[in-house]
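To find a chain, count down the sequence lines: A is the first, B the second, and so on, and within it residues start at 1. This is a predicted model, so every value here is computed, not measured.
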Amino acid sequence: MTTAIDVSGLVKTFGRTRALDGLDLSVAEGEVHGFLGPNGAGKSTTIRVLLGLIRADAGRVALLGGDPWRDSVALHRRLAYVPGDVTLWRGLTGGEVIDLLGRLRGNGADRGRRTELLERFELDPTKKGQTYSKGNRQKVALVAAFCSDAELLILDEPTSGLDPLMEEVFRACVAEERDRGRTVLLSSHILSEVEALCDRVSIIRAGRTVETGTLAELRHLTRTSVAAELVAPPTGLDALPGLHDVELHGTTLRCQVDTDHLDALLRVLTAAGVRSLTSRPPTLEELFLRHYEPENAVGPQTGAEQTGAEVTSS
Amino acid sequence: MRITGTGPLLRFALRRDRIMLACWIYALLASVIGTAVSFRSLYPTAASREQLAASINDNGSLRALYGEVYDTGSIGALTAWRILALCGLLLGVLCVLLVTRHTRAEEESGRLELLGAGAIGRGAPLAAGIGSALTASVVVGVVTAVYLAASGEQLNGSLAFGAALFGCGVCFAGVAAVAVQLTETGRAANGIGGAVLGLAFLLRAAGDAAGGNGPGWLVWLSPLGWAERIRPYDDNAWWLVALLLAAGAAQTALGYWLAGRRDLGGGLLPQRTGPGAAASSLRSALGLAWRLQRGSLIGWTVGFAIGGALLGGISKGVDQLVSSSSNVQQIVQRMGGSSQVTDAYLATAMNLLAMVAAVYAVQTALRLRGEETSGRAEPVLASGVRRLSWAGGHLVYPLLGSAVLLLAGGLTAGLGAGVVFGDVPSWTGRLLVAGLIQLPAVWVFAAVTVALFGLLPQWTGAAWGVLGVLLFIAYLGPALNAGQWLLDLTPFTHVPKLPGSAFHAAPLVWLTVLSAALAGAGLTGLRRRDIG
């Protein structure tokens with residue numbers, strides 16, 4: 001597996017603010033990678049480093065095998081970028097901007113694909129820049145990116161202004177890009193979108209990667225919710241490790257269990273006799289929220305967090 | 001009530017604009033008071049004022065610029081002749097900007113929606129916009145009247161002068177009240193307001209230039225013409241003040257009527273659409289910069305052509321005009337560097353054009369920073385465009401666009417002077433050269449802007465400050481008897497004073513080298529720094 005984006009120990013400070021604090025990010029070729037974090041976590045700063053618009057203070061960055069600062073122009077011809085806040089030129093129409101961005105990249109746009117995308121996104125290309133709404137400005141940038149032949153798409157919160165119907169169109173387009181073998185870095189804080197689209201996910205917080213892996217891997221590192229109706233009250237529950245938020249009312253149990261300790265819990269439950277059982281893996285939402293509880297409330301250290309800490313100290 | 005909430009909105013508007021309003025009002029009052037003060041020293045006697053009136057009233061181009069001198073009996077009347085229509089025009093510009101800013105521009109940005117959801121009547125934003133325009137007009141009118149009356153001018157005339165300025169403000173605020181209902185963007189509304197102001201100025205100028213021998217009635221089609229014909233200290237035509245106020249009120253009523261017939265955010269004129277695909281010329285950083293800058297270049301070039309023609313066309317009457325005051329003669333010779341009044345005057349005129357071209361150069365160079373901070377540069381620089389190509393595409397305009405302006409101004413000034421003196425080829429050649437040699441001085445200002453942009457991006461706006469200070473020295477230094485060391489600070493001092501004086505290439509070479517060094521440092525900084 002070759003990597004399209006390989007970042008380690010990235011540091012960037014603006015004055016006294018440490019925007020990136022030892023961030024790691026690895027995106028394999030051909031995958032859709034979710035880049036998650038709340039506002040101000042450093043997602044856009046990372047993307048701007050990847051685009052060679054700003055220079056990192058420390059750390060290693062490789063993009064499509066090159067250095068984004070030194071080889072920016074050559075690399076830019078191979079990628080397409082959709083900024084989080086699209087601003088257009090007042091006097092230029094949406095159609096002109098789409099064509100211009102394609103030509104500046106050097107390859108122009110595929111006319112058939114362009115027409116098809118304009119139809120799917122229901123975008124009128126003859127309107128002038130200042131008259132588009134936020135969602136329509138985003139569509140202009142998305143059409144420009146999707147009708148390019150770039151190997152890598154870097155999308156920075158691309159759906160924040162789109163309505164649910166257009167969000168569906170967007171998801172279908174990303175899925176098509178993946179089927180065509182392209183790599184997508186999708187920065188977002190819309191978890192359902194990431195859950196639906198992404199092969200792997202990196203969660204960042206305060207300029208640092210706190211989790212990275214496939215959704216299955218991340219879930220494995222965290223807790224499963226269990227709700228059970230038992231024949232008799234369970235015994236030995238107190239002795240079990242990795243149990244959280246236990247609510248036991250007679251024979252009704254609700255709890256969270258660290259996924260590694262699920263097996264031990266089930267043994268205790270079957271010993272008491274199970275009438276009904278639901279066990280639900282954590283949603284991405286729960287994963288995410290766990291990392292953004294106040295600092296001292298964060299659960300047990302995960303592997304990814306330890307890796308992040310090692311890189312910063314090195 | 002439809003205008004519930006106007007009070008808080010107006011206070012908020014005045015607070016938001018306090019610095020911009022203070023600057024505008026200061027500049028407008030300075031133009032009136034400065035004119036009165038300088039006339040008092042330049043034309044102290046009735047005889048000198050008579051001579052001035054004779055040379056102005058004989059010359060169509062001068063009448064187009066300033067109108068006819070109608071009364072030489074007092075400094076107040078002379079001041080009103082010279083500045084009333086011009087100050088009224090500028091006050092009109094301010095009022096259009098203010099009304100648009102607090103109505104259509106707010107609506108366009110969506111901020112008005114936020115306010116409109118609160119306890120704010122539908123008509124309140126327009127009332128607040130007009131209220132801020134009236135506030136500015138009242139201040140300008142009252143201070144003008146009080147100053148002139150206090151400095152010994154006749155009271156009735158001083159009041160008429162102040163009221164005439166106030167009336168101009170009211171009338172053009174009304175123009176804007178209609179314009180903002182028509183378009184969907186603040187920029188387009190300002191465009192309509194600007195066009196009406198320009199037309200008003202042209203009609204007045206054409207009518208005054210024609211005088212008694214032609215369509216002098218054109219003056220009566222222009223609110224600026226009405227203001228001029230109030231003739232403070234002479235006719236004191238108060239009925240024309242009432243006409244200006246009535247026009248403002250009628251247009252405001254029309255604005256409210258139109259506002260009731262459209263939706264929030266909508267306009268009455270259809271929004272223009274454009275091509276759905278890019279023309280083949282729009283394929284590079286250079287092509288993009290041309291699309292973004294061509295409109296302004298064409299507008300400025302037309303302006304320079306008109307300005308040059310005016311400056312050239314009045315050059316024949318200028319020796320009489322100048323000789324009517326020995327002070328004026330000295331100032332022109334000091335700026336223009338020649339004992340021949342006509343040559344000195346034309347050299348000064350070319351210098352003046354160059355100062356305006358420097359404004360263009362700074363403005364177009366600053367476009368780079370505007371593109372950067374708005375986020376529009378980001379997708380361009382994230383495609384296959386080098387930073388230097390992107391900057392280069394825009395810097396064509398301060399570098400060569402300003403040359404176009406100076407050539408246009410030099411050409412028409414030469415044609416104008418050639419027509420009045422009767423030797424077109426020779427004058428055109430001389431003034432084309434005189435225009436073009438200003439270019440290195442203009443470049444210095446663009447280069448300072450580029451240096452700031454590359455090395456101290458947060459301070460790029462300081463380029464306006466540098467320009468303002470150096471233009472102030474270049475423009476007023478000679479009149480204020482400033483020391484030579486001070487004059488030497490501005491690039492314009494070093495440009496050879498053509499026509500008339502000897503030509504030296506050396507200053508042009510070192511001004512060019514200085515510009516290249518500053519721009520080079522800025523571009524090197526741009527390659528190394530963070531964008532955004």
Show me, pair by pair, the donor and acceptor atoms from chain B and chain A that are under 3.5 Å apart.
unit_1	atom_1	unit_2	atom_2	d
G274(B)	N	T126(A)	O	2.7
P275(B)	O	T93(A)	OG1	2.6
G276(B)	O	R114(A)	NH2	2.8
A278(B)	N	D99(A)	OD2	2.8
A278(B)	O	R103(A)	NH2	3.4
A279(B)	O	R103(A)	NH1	2.7
L282(B)	O	R103(A)	NH1	2.9
R291(B)	NH1	E96(A)	OE2	2.6
R291(B)	NH2	G91(A)	O	3.1
R291(B)	NH2	E96(A)	OE1	3.3
E371(B)	OE1	W89(A)	NE1	2.6
S374(B)	O	T87(A)	OG1	2.8
E378(B)	OE1	R48(A)	NH1	2.2
E378(B)	OE2	Y81(A)	OH	2.4
L381(B)	O	H76(A)	ND1	3.0
S383(B)	O	H76(A)	ND1	3.1
G384(B)	N	L104(A)	O	3.2
R387(B)	NH2	G52(A)	O	3.0
R387(B)	NH2	L53(A)	O	3.0
D530(B)	OD1	R55(A)	N	2.9
D530(B)	OD2	K12(A)	NZ	2.5
I531(B)	N	L53(A)	O	2.8
I531(B)	O	R48(A)	NH2	2.3

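Only the backbone of L88(A) has a heavy atom closer than 4.5 Å to any heavy atom of chain B. Contact of A377(B) with chain A is not made at all, since no heavy-atom distance falls under 4.5 Å.
Note: F453(B) CZ to L395(B) CG = 8.5 Å, rounded to the nearest 0.5 Å.
Taking the ring pair (Phe, Tyr, Trp, His ring centres under 6.0 Å) definition, one finds that F304(B) meets it with nothing, sequence neighbours left out. P125(A) pairs by the side-chain contact (heavy atoms from CB on, under 4.5 Å) definition with L118(A), not counting sequence neighbours. In terms of the side-chain contact (heavy atoms from CB on, under 4.5 Å) criterion, residue partners of A403(B) (sequence neighbours excluded) are, by chain and number, L439(B).
Between chain B and the options V97(A), L101(A), L92(A), heavy-atom pairs under 4.5 Å are most frequent for L92(A).
Side-chain contact between L153(A) and L79(A) is absent, with no heavy atoms from C-beta onward closer than 4.5 Å. Annotation: side chain of V359(B) is in contact with side chain of W464(B) (closest heavy-atom distance under 4.5 Å). L25(A) has its side chain within reach of L23(A): a pair of non-hydrogen atoms, C-beta onward, lies under 4.5 Å apart.
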